[in-house]
Amino acid sequence: MNIFLVGAGGVGFHLARLLSMENHDVTVVEHDRNILEQIDYELDVSSVRGSAVSVIQLKETGVPNADLFISATGDDEINLISAATAKGLGAKQVVARVDAPDYTESSILLEAILGIDYILSPNALTALEIAKFIETPGLVATEEFGRGHVQMRQIKVTGSPASNGKTLSDVTLPGDVLVGMISRRGRSFVPHGASTIEAGDLVTFIGRKEALKDIHKLFQGHEPKAEKVVVMGGRSIGLHLTQVIEKRYPVVKLFDRDLQRCNALAAQLKSARVVCRDATTRVALEQEHVAGADAFVATTRDDERNIMASVLAKEVGAHRTIAVVHQPDFAPLVGRLGIDHAVTPRASFANRVLKLVHQERASSSALIGDGQIQLLEFVVKENTPILRRPLREVKLPREALVAAVLRNDDVIIPHGNSMVTAGDSVVLLVRSEYLPQAMKFFRP
Amino acid sequence: MSAFGIDVNPEAVCIFDEPMSKHDVLDALVAALSRTGIITNIDEFRKAVHEREAVMSTGIGSGVAIPHVRSASVKEPRVGLGLSPAGVDYDTLDNQPVHIIVLFAMPSGSQKDYLGLLAQVMLAIKTEGFKDRLLSCTTPKEAVEVVNSTVI
């Protein structure tokens, strides 16, 4: 694919990195010399110094031939203009990153007006992920495959009967469910029968949708429904999150230290209480009764503050803590500091864009976490190496797995003796770096 | 004049009494629209609808989704309407189930009509009481009457 990406600050850079790993033809347009230098040093992409909104420059750079154009600068208006320009110049599909709630609310109309294919908001997507995590404790991500009959659930395991050092072959999973991947301390692996699941692991389950509902009971202790949620930081992620959850829980408090912003927030919110205070001090957390909170979420733009506040909130007695972490390198640290979950806006954005990229070759796809793990659903063709032998005998890379087979309307969760036939759809679970190697088994 | 700016045919209305997945709801609406004879290639149209949803949900919040596709397989603008009192898990940004699904089929290149109709549907949905009246309908005929007789 011929892909143009405008703006390679945090959000754009992460996306550029993922795209370049997949051997696409990627051109990055950026005006900041320091960022350009970093791109040339770290990534295998073409880079051009230029403006996101100069029609002539975009044309000169080759945007009219783009299969995909993404504007991901930190400025909503620039992104909207840039994406509309690219579409006007002839780019096949265009995506604009937009974060202001006023825009995201009416994004469908804006798309129609400007001819933009997708308006995506990293902040709104992040808020949604957090809301889901609070509602179903431990649920980090879900994706659907096989016309909605197969589901992937990524779950953060807490201490529970099924995870107490038992090997996987000793754990009775519901029928039609398999453990696809285990991520532990920043590393992931495809488990086998002798592997164990430990508290703190991030486990990717795949199976028939109905069967997966029972998984939480096995790998999470009993979790009462949340009643009190505390959010720190009232910019777009914090506001969006609070608006989503304020109707749902009896007590929702939103902390922000800026008085003017607090006044504006109070006017926009219905039942949530706005507290104009810095939530990174122990006194504030104690006086505002964060001790009894079922969830504490830190959503400011500053990773260090988010991490510190979450650690403090846990100390004071908050049950679960969630930190927004903009810099993906920090995410593994978060677990080690006892914070329950880290959410990374640039990853949420990139994972959606990659779905669009993968539509070329897969009917459904998902990237999970910071892009380490991929799931792809596609039809298996005649005369491919995967056919006519038990899966056990197919030497897929160690970190790749056929996680589901869809034959006509049947869902098969395969085991070693299962065979794939031409015309089946399969869901392949693979660590991103092994994807090219794994795909060899599906090519004639 | 209809509340949606375009008349809705009874055969393009689906009432989902049972809880259903987003995928099945969209398939049912695509099939319903196709029965009205405006779709030349149903597989292509269905694929376009699902591909759009996979990247970003068309749920606009408050229990409403507006899946919309402009495609060369559509002969003329048409709207399909799905009602789900039980609610559909739709992966929306407000994390709420969707009860009303308005599927938009537009020929490619119909920029002006498209925008006008989309805006009209969003306006209708925001109109006090309209959503509740739609959701209380038990037959496609009733739903069509509510849409086609409401002036926004």
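Chain A is the first sequence line, chain B the second, and so forth, proteins listed ahead of strands; every chain is numbered from 1.
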A:Lys225 atom NZ, neighbour heavy-atom count above 12 within 6.0 Å: yes

For A:Leu356, is it the side chain, the backbone, both or neither that has a heavy atom under 4.5 Å from a heavy atom of chain B? both

Pairwise distance OG(B:Ser21) to CD(A:Gln151) - rounded to 0.5 angstrom: 10.5 Å

Counting a contact as any heavy-atom pair under 4.5 Å apart, which residues of residues 106-118 of chain A contact chain B? A:Ile108, A:Leu109, A:Glu111, A:Ala112, A:Ile113, A:Asp117, A:Tyr118

Is it the case that over 12 heavy atoms from other parts of the model lie below 6.0 angstrom from the CG atom of A:Asp409? no

Taking atom CZ of A:Arg147 and atom NZ of B:Lys22, what is their separation to the nearest 0.5 Å? 14.5 Å

Among B:Lys47, B:Arg52, B:Met122, which residue forms the greatest number of heavy-atom pairs with chain A at distances under 4.5 Å? B:Arg52

List the atom of B:Asp94, the atom of A:Arg248, and the distance in Å for their closest heavy-atom pair. O-NH2, 3.2 Å

Please round to the nearest 0.5 Å and tell me the distance separating atom NE2 of B:His50 and atom CD of A:Gln359. 11.5 Å

Heavy-atom side-chain contact between A:Val353 and B:Val55 under 4.5 Å: no

Can you find a heavy atom in the side chain of B:Thr92 that is under 4.5 Å from one in the side chain of A:Leu128? no

Straight-line distance of B:Asn95 CG to A:Ile130 CD1, nearest 0.5 Å: 12.0 Å

Which of the residues B:Met56, B:His68, B:Glu51 is involved in the greatest number of heavy-atom pairs with chain A at under 4.5 angstrom? B:Glu51

So for A:Ile245, is it side chain, backbone, both, or neither that comes closer than 4.5 Å to the heavy atoms of chain B? neither

Does any non-hydrogen side-chain atom of A:His240 lie less than 4.5 Å from one of B:Leu93? yes

